[in-house]
Amino acid sequence: MHACVCDYITDLVQNSIEAQASHIQLDVYTGPEVIRIRISDNGKGMSNSTLSKAVDPFYSEAGKHDHRRVGLGLPLLYQTAEAVNGTVDIQSTPGKGTVIGFTFDATHVDTPPLGDLALTVIGLMTFSEQFNLELNRETQRDSYQISRAELVETLGNLEETTNLILAKDFLKDQEQHLKQ
Ligand SMILES: Nc1ncnc2c1ncn2[C@@H]1O[C@H](COP(=O)(O)OP(=O)(O)O)[C@@H](O)[C@H]1O
Ligand SMILES: [Mg+2]
């Protein structure tokens, strides 16, 4: 099991980037009963046979990782969801994209904490690939949205350290003021 929900988010968004998505939507909902995450991308998608292989821990696309021949992201997600009374749902169409949604029972003792969402999202935005990443963050009583494109437009770029710090502080602030 990963230490926090953000680690699962990182795995899944990385998969979307690796699938050459130009647009990735990340929905993060945390409530008293459930944590619900959804990642939608317009990347290359998966056929049914790739999808069934993808949940096998001993499968990874040939050549995807230099030093590792097995994939871990999806099998680990299934394993955790099962352990914490959660669900995983994958919809994928070759050439169109993939939607992966999962829930964890927020009241289960083994459910990991959310983790540092601001740091996670900004970290994902620093990947060199060209894609927009849109975060839609919700709680029962509140929400905010932010995208990589908006941050780049406001700050000029997400390469300079000072800009990254500004972006991260902005997101941290949004998280801190989010009504639960
Ligand atoms: N968003 C996605 N779009 C297209 N293919 C995906 C996506 N997510 C996962 N896959 C496929 O599922 C496989 C397994 O994913 P994962 O468990 O994260 O292992 P890894 O990324 O290490 O290969 C990937 O190699 C890829 O073929
Ligand atoms: Mg992966």
Side-chain angles (χ1 to χ4, degrees), residues 1-30 34-105 108 110-138 145-149 151-152 158:
M1 203 181 276
H2 278 317
C4 61
V5 176
C6 278
D7 291 339
Y8 296 90
I9 293 175
T10 300
D11 276 358
L12 295 178
V13 172
Q14 241 169 314
N15 280 345
S16 298
I17 298 169
E18 288 161 353
Q20 284 101 43
S22 63
H23 192 271
I24 304 164
Q25 167 84 34
L26 168 62
D27 300 327
V28 177
Y29 169 85
T30 51
V34 72
I35 297 173
R36 188 182 307 116
I37 313 291
R38 193 168 68 161
I39 290 120
S40 324
D41 72 51
N42 65 348
K44 66 181 180 180
M46 282 175 270
S47 64
N48 283 336
S49 76
T50 305
L51 187 52
S52 54
K53 279 186 279 185
V55 299
D56 171 353
F58 298 104
Y59 173 78
S60 178
E61 254 169 71
K64 192 168 150 171
H65 304 286
D66 287 346
H67 306 291
R68 163 159 79 82
R69 283 278 307 123
V70 298
L72 288 171
L74 295 176
L76 190 62
L77 176 64
Y78 273 94
Q79 208 184 68
T80 305
E82 200 177 333
V84 302
N85 192 23
T87 59
V88 182
D89 177 57
I90 307 182
Q91 307 287 334
S92 193
T93 313
K96 283 208 136 168
T98 303
V99 181
I100 301 188
F102 67 91
T103 63
F104 292 163
D105 180 345
H108 196 287
D110 291 328
T111 293
L114 178 63
D116 191 336
L117 188 63
L119 197 62
T120 300
V121 167
I122 297 302
L124 289 164
M125 286 181 181
T126 63
F127 278 65
S128 59
E129 287 86 350
Q130 292 292 315
F131 58 88
N132 192 14
L133 174 61
E134 258 186 81
L135 169 67
N136 177 40
R137 176 72 169 104
E138 282 182 45
Q145 285 78 31
I146 188 71
S147 73
R148 191 192 204 193
L151 285 171
V152 168
L158 283 175

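Remember, predicted model here, so these are calculated numbers, not experimental data. Start at 1 and go down the list; that is how both ligands and their atoms are numbered.
In this structure a side-chain-to-backbone donor-acceptor pair under 3.5 Å is present from Ser47 to Thr50. Side-chain atoms of Thr87 never come within 3.5 Å of backbone atoms of Phe102 as a donor-acceptor pair (strictly under, hydrogens ignored).
One side chain, Arg137 or Thr30, offers a donor N or O that lies under 3.5 Å from an acceptor on the other. With no hydrogens or angles considered, a side-chain donor-acceptor pair links Glu138 and Asn136 at under 3.5 Å.
Within the structure, the closest approach of Asp41 to ligand 1 falls below 4.0 Å when heavy atoms are considered. Ligand 1 lies nowhere less than 4.0 angstrom from a heavy atom belonging to Gly43.
For the side chain to side chain donor-acceptor pair (under 3.5 Å) condition, the pairs that include at least one residue of residues 113-132, sequence neighbours left out, are Asp116-Lys172.
In the candidate list Asn15, Asn42, Leu51, Asn15 is nearest to atom 15 (O) of ligand 1, counting heavy atoms.
Residue-ligand proximity, Pro75 to ligand 1, at heavy-atom distances under 4.0 Å covers atoms 17 (O). The contact set between ligand 1 and Gly73, taken as ligand atoms under 4.0 Å from a residue heavy atom, comprises 16 (P), 17 (O), 18 (O).
Of all the heavy atoms of Leu74, the ones lying under 4.0 Å from any atom of ligand 1 are found in both the backbone and the side chain.
An N or O contact shorter than 3.5 Å is missing between Ile100 and ligand 1 by distance. Among the atoms of Thr50, none of the N or O lies under 3.5 angstrom from an N or O of ligand 1.
Between Ala81 and Thr103 the shortest heavy-atom distance is CB-O, 4.5 Å.
Evaluation of the salt bridge (Lys or Arg N to Asp or Glu O under 4.0 Å) rule for Arg148 yields no partner, not counting sequence neighbours.
Among the atoms of Gln14, no N, O or S atom is found under 2.8 Å from the Mg ion (ligand 2).
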